[in-house]
Amino acid sequence: MENIKTKLSQGGLLLAAMGIISILLSIFNYNIKLLSWVDLWGNTMGWIIRFLLILVGAALFILFGRNEE
């Protein structure tokens, strides 16, 4: 069970990092190839998806990153 929590925590950190990097790169008109689909529904929806990536990733990292002792 601890292994699953660790993987979820790492996945959450990865999601949040990808969202932050995607926001920074979109300022310069670049995008991560894995997240190129984000802007297919328009600019506003792309920003919403980026922020949701950060929020969901941070929530996973916070919830499953704690050690229960």
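Just so it is clear, the model here is predicted, and its values are computed rather than measured.
Expressed to the nearest 0.5 Å, how far CZ of Arg50 lies from CG of Leu24 amounts to 10.5 Å. Atom CD1 of Ile49 sits about 8.5 Å away from atom CG of Leu40, to the nearest 0.5 Å. Considering CE of Met18 and CG of Leu25, their distance stands at 11.0 Å, rounded to 0.5 Å.
When all heavy atoms of Ala58 and Ala16 are compared, the closest pair comes out as N-CB, 4.1 Å. Nearest heavy atoms, Ser9 versus Phe61: OG-CD1, 3.3 Å.
For residues 20-41, the ring pair (Phe, Tyr, Trp, His ring centres under 6.0 Å) pairs, not counting sequence neighbours, are Trp37-Trp41.
At a threshold of 4.5 Å between side-chain heavy atoms, the hydrophobic network of Ile, Leu, Val, Met, Phe, Trp and Tyr places Leu14 and Ile54 in two separate groups. Hydrophobic clustering, with ILVMFWY side chains joined whenever heavy atoms are under 4.5 angstrom apart, keeps Ile48 apart from Ile20. Clustering ILVMFWY residues whenever any of their side-chain heavy atoms sit less than 4.5 angstrom apart, transitively, puts Leu55 in a cluster other than the one holding Leu60.
You'll find the side chain of Ser22 reaches within 4.5 Å of the side chain of Asn31, heavy atoms only. At least one side-chain heavy atom of Ile23 sits under 4.5 Å from a side-chain heavy atom of Phe51. The closest side-chain heavy-atom distance from Leu53 to Leu15 is below 4.5 Å.
Under the side chain to side chain donor-acceptor pair (under 3.5 Å) criterion, Asn43 pairs with Trp47, not counting sequence neighbours.
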